[in-house]
Protein chains: 2
Amino acid sequence: MDFSAGDIVKTIVIADDHQIVREGTKKIVASIDNTSLSGEAENGLEAIAAVKNHRPDLLILDVAMPLASGVEVFGETRRWSPETKVVLFTGFTSVGLLSNWINTGIEGMLLKSCGPEQIRECLVTVLNGGNYIAAEIVDMLKNSEDMSELTQREREVMSLIVAGNSNAEIGEKLFISIKTVEKHRGSLMGKLGVRSVADLMVVAHKEGWLDEHKQL
Amino acid sequence: MDFSAGDIVKTIVIADDHQIVREGTKKIVASIDNTSLSGEAENGLEAIAAVKNHRPDLLILDVAMPLASGVEVFGETRRWSPETKVVLFTGFTSVGLLSNWINTGIEGMLLKSCGPEQIRECLVTVLNGGNYIAAEIVDMLKNSEDMSELTQREREVMSLIVAGNSNAEIGEKLFISIKTVEKHRGSLMGKLGVRSVADLMVVAHKEGWLDEHKQL
DNA sequence: ACGTCTATGGGGGTAGAACCCCATCATGAA
DNA sequence: TTCATGATGGGGTTCTACCCCCATAGACGT
């Protein structure tokens, strides 16, 4: 537990709209030496305000909150308090969402299903200047490399297949011929290694395309 | 806040393998007058032991824990402490799982995404002798009535479709002819009001057939 | 006994999906 | 300039799903 510069107390802000999670997280933070909870927020706007007011060393950020999304809070944090490290804390396990966050340069990423030891390890690592992506998240992203092989057009066709459209309907919607739809369709399913629409839907599910509800 | 018999303190056990949830839930329980936390458990076996030892008035039970599932804990609770009320507390939102629990006679059901006020209301209601199913869960179950129309055979065929099998493959696996597969297939898709495998997969997703990971 | 439902299965036909071949054009990188 | 890739699209064929008709047998309730 060795934050640089000796006994300086590191400040932490917790942003999550669920009190259950905030309370549980506070307990874990309290177990880390030389840290202090300087604020908490239950929605996106409060989170932005807390970051502006406290300029914390660390922000624990829920992905989706009312009034401003995790992405927005993250952007404002970078603008108003660029020294603040950010740890994403998400109940979502969709690969698409997680891989988007990887590219933001965020310092840490955790699933809410991670155990307290792991959460503590992540927080300490990030406060010590390192990065920490939960192993579970790393594994999930590895399984998503095939998706990144798809061209933009193939993704569009896939999303319309997933939405239940026939090839003819897809052609109408994209203003292309059925032959072209068949082409893209065959190509994307080959890249993803699937032979049926059912299998394709499982891939879409893993990418979070079927999710419409939030998990804690 | 009027538990019968005046100032008797009601005892509560919390069983959840995630410390975050246990800590957050403890805070809510602490906010309810005349209740006392008599134990907590982080896996199924501990939960069973806690119920046996404490005979609590209320058990807050996570659906899936290591070493013994929620179903098993529930059964043991009914056996060793039949006076104990049980509130299910789940991060899963799959309709199939929730509808199964409805039939157990459980006293309360909550999603972990429910707000603290709602959680408190549920706990108080159950401690007062009533039942409480979160409105979100009630809504979800209403949308699942079509599924209950399916015959056993239709479900079997559906599960094999969902798994990506062709009609021929399904026939082989169930030792029936393709004609029969087609018959069941057309029938189940008609009952569910879907015209494509993609649409069918969305139904399967809502039933929890695609889920293989636990949400907090 | 009769009616309903479920499970089973056949014949026949058609539309759509899947897949093979071929091709052109535009863009970007080497 | 050449090459590779992506987007587009045609011809042709086979296979599968879907849908219509028909039917039998068994179980269950009235």
Side-chain angles (χ1 to χ4, degrees), chain A residues 96 99-100 103 144-207 209-210, chain B residues 96 99-100 103 144-207 209-210:
Chain A
S99 62
N100 287 339
N103 299 325
S144 181
E145 289 175 351
D146 287 348
M147 248 338 263
S148 61
E149 281 192 71
L150 300 192
T151 64
Q152 178 62 28
R153 205 57 164 170
E154 283 163 352
R155 286 170 210 268
E156 290 172 6
V157 170
M158 180 174 168
S159 74
L160 290 170
I161 295 172
V162 167
N165 296 281
S166 66
N167 291 345
E169 287 165 340
I170 293 170
E172 283 174 25
K173 288 177 178 177
L174 298 181
F175 304 102
I176 54 177
S177 85
I178 287 183
K179 305 303 300 186
T180 306
V181 174
E182 288 176 357
K183 184 82 47 187
H184 290 313
R185 188 181 190 124
S187 184
L188 73 91
M189 287 175 85
K191 287 179 182 176
L192 298 177
V194 297
R195 308 295 292 269
S196 65
V197 169
D199 291 337
L200 182 65
M201 296 296 287
V202 172
V203 173
H205 172 238
K206 285 177 180 168
E207 288 291 314
W209 288 16
L210 303 190
Chain B
S99 63
N100 288 339
N103 299 325
S144 181
E145 291 174 352
D146 287 347
M147 256 323 277
S148 60
E149 282 191 74
L150 300 192
T151 64
Q152 178 62 25
R153 204 59 164 166
E154 284 164 350
R155 283 169 211 269
E156 290 171 4
V157 170
M158 180 175 167
S159 74
L160 290 171
I161 296 172
V162 167
N165 296 282
S166 65
N167 290 345
E169 287 164 340
I170 294 171
E172 283 174 26
K173 287 176 179 176
L174 298 182
F175 303 101
I176 55 178
S177 85
I178 288 186
K179 304 303 297 187
T180 306
V181 174
E182 287 176 357
K183 185 78 51 187
H184 290 312
R185 187 178 188 125
S187 183
L188 73 90
M189 287 174 84
K191 285 178 181 177
L192 299 177
V194 298
R195 309 294 294 271
S196 67
V197 169
D199 292 339
L200 182 64
M201 294 297 286
V202 171
V203 174
H205 172 238
K206 285 177 180 166
E207 287 291 314
W209 288 15
L210 303 190

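Here is the naming used below: chain letters follow the sequence lines, and residue numbers restart at 1 for every chain.
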d([atom1], [X]; [atom2], [N]) in whole Å:
X        : N      : atom1 : atom2 : value
B:Glu154 : C:dA7  : CD    : P     : 6 Å
A:Lys191 : D:dT5  : NZ    : P     : 10 Å
A:Leu188 : C:dA17 : CG    : P     : 14 Å
B:Arg195 : C:dA17 : CZ    : C1'   : 17 Å
B:Ile170 : C:dG9  : CD1   : P     : 14 Å
B:Arg185 : C:dG9  : CZ    : C1'   : 17 Å
B:Lys179 : D:dC19 : NZ    : P     : 13 Å
A:Lys183 : C:dC25 : NZ    : C1'   : 15 Å

Can you find a side chain N or O atom of [X] that sits less than 4.0 Å from OP1 or OP2 on [N]?
X        : N      : value
A:Ser187 : D:dG6  : no
A:Ser177 : D:dG10 : yes
B:Thr180 : C:dG9  : yes
A:Asn167 : C:dA17 : yes

* So, does A:Arg155 use its side chain to make a donor-acceptor pair with the main chain of A:Leu188 at under 3.5 Å? ->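 Not at all, since once roles are kept as given, no pair shorter than 3.5 Å links the two residues.
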
* To do: Look only at the side chain of B:Asn165 and the backbone of B:Leu160, and say whether a donor-acceptor pair between them is shorter than 3.5 Å.
  => yes

Please pick, from [options], the nucleotide with the shortest atom-to-atom distance to any side-chain atom of [X].
X        : options               : result
A:His184 : C:dA7, D:dA7, D:dG9   : D:dA7
A:Arg153 : D:dT8, D:dC19, C:dT6  : D:dT8
A:Thr151 : C:dA18, D:dA7, C:dG10 : D:dA7

* **Heavy atoms of other groups near A:Arg195 CZ, more than 12 under 6.0 Å** =>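 Atom CZ in A:Arg195 is not packed in, count stays at 12 or less.
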
* Structure fact -> 5'-most contact on DNA chain C (nearest-nucleotide basis), B:Ile176 vs B:Glu182, goes to B:Ile176

* Ionic contact status for A:Arg185 with A:Glu182, cut-off 4.0 Å ->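 Here A:Glu182 does not pair with A:Arg185 in a salt bridge, since their nearest N and O are not under 4.0 Å apart.
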
* Any chance you could lay out the side chain to side chain contact (heavy atoms under 4.5 Å, CB included) test for A:Met158 and A:Val203, step after step, and finish with the verdict? => CA-CA 11 Å; A:Met158 180 174 168; A:Val203 173; 4.2 Å; yes

